[in-house]
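Report on the structure given below.
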Amino acid sequence: MAEGRMVFVAGQIGWDEGATFRAHDLVGQTRQALKNVLAVLAEVGAGPEHVVRMTWYITDREEYLANLRGVGEAYRDLMGRHFPAMTMVEVSALVEGEARVEIEATAVVPAGTS
């Protein structure tokens with residue numbers, strides 16, 4: 001349960017602010033997608049601790065399973081030890097052809113937090 005201002009972050013992929021993919025692997029794109037989620041949250045005074053739900057869309061389940069350690073490290077580096085409710089879905093493709101992962105998030109920012 002959470003109370004406060006709800007923030008809905010649309011799906012973020014692993015490209016930078018210039019719409020350039022600097023990483024072409026799942027781990028690198030996961031790191032960048034999470035950075036993008038956190039950048040959107042920062043605009044409203046929220047951080048990883050406010051995330052209550054995430055949905056991850058990946059294009060290759062086997063690549064994910066082969067890179068659990070790297071994905072986990074990227075996650076912990078950016079999100080810390082905060083683990084909201086999460087769902088991961090394998091999809092045949094994402095709209096951006098180079099994208100390996102897309103992450104959407106919902107956050108709840110407590111009243112009085114700016």
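Atom set for the values below is all heavy atoms of this structure, side chains included, hydrogens, waters and symmetry mates excluded.
Ring pair Phe21/Trp15 is tilted by interplanar angle, where 30° to 60° counts as tilted.
Within the model, atoms OG1 of Thr59 and CD of Gln29 stand 8.0 Å from one another, a figure rounded to the nearest 0.5 Å. Atom CG of Asp25 and atom CZ of Arg31 lie 10.5 Å apart (nearest 0.5 Å). For the atom pair CD1 of Ile58 and CE of Met88, the computed distance is 5.0 Å after rounding to the nearest 0.5 Å. Rounding to the nearest 0.5 Å gives a distance of 10.5 Å between CD of Glu90 and CD of Glu63. For the atom pair OG1 (Thr87) and CE (Met54), the distance works out to 11.0 Å, reported to the nearest 0.5 Å. Once rounded to the nearest 0.5 Å, the distance linking CD of Glu73 with CG of Leu78 reads 10.5 Å.
Residue Leu26 comes nearest to Tyr64 through the heavy atom pair CD2-CA, 3.4 Å, listed as atom of the first residue, atom of the second, then distance. The two residues Ala46 and His50 come nearest to each other via the heavy atoms CA-ND1, 3.5 Å. Contact between Val27 and Ala74 at its shortest, heavy atoms only, is O-CB, 4.5 Å. Heavy atoms only, all atoms of each residue included: Ile103 and Thr30 are closest at CD1-O, 4.4 Å. Annotation for Tyr57 and Val91: closest pair CD2-CG1, 4.0 Å, computed over non-hydrogen atoms.
Thr20 and Arg22 share no side-chain donor-acceptor pair at under 3.5 Å.
Looking only at distances, no side-chain donor or acceptor of Asp60 sits under 3.5 Å from a matching main-chain atom of Arg100. Put simply, the side chain of Glu102 never gets that close to the backbone of Ile13: no donor and acceptor are under 3.5 Å apart. When atom types are taken as modelled, the side chain of Gln12 and the backbone of Leu38 share no donor-acceptor pair closer than 3.5 angstrom.
Residues Tyr75 and Leu65 are members of one and the same hydrophobic cluster, defined by side-chain heavy-atom contacts under 4.5 angstrom among Ile, Leu, Val, Met, Phe, Trp and Tyr. Hydrophobic cluster membership is shared by Val101 and Leu68, with clusters built from Ile, Leu, Val, Met, Phe, Trp and Tyr side chains linked at under 4.5 angstrom. Under the 4.5 Å side-chain heavy-atom criterion for grouping Ile, Leu, Val, Met, Phe, Trp and Tyr, Met6 is not connected to Val109 through any hydrophobic cluster. Cluster annotation: Met86 and Met79 are assigned to the same hydrophobic cluster (Ile/Leu/Val/Met/Phe/Trp/Tyr, side-chain heavy-atom contacts under 4.5 Å, transitive). Linking Ile, Leu, Val, Met, Phe, Trp and Tyr residues whenever their side-chain heavy atoms come within less than 4.5 Å places Val40 and Val51 in a single cluster.
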**Verdict with supporting geometry, Leu41 and Val37, side-chain contact (heavy atoms from CB on, under 4.5 Å)** = CA-CA 6 Å; Leu41 291 174; Val37 166; 4.1 Å; yes
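Under the 4.5 Å side-chain criterion, counting only non-hydrogen atoms from C-beta, Glu104 is not in contact with Phe8.
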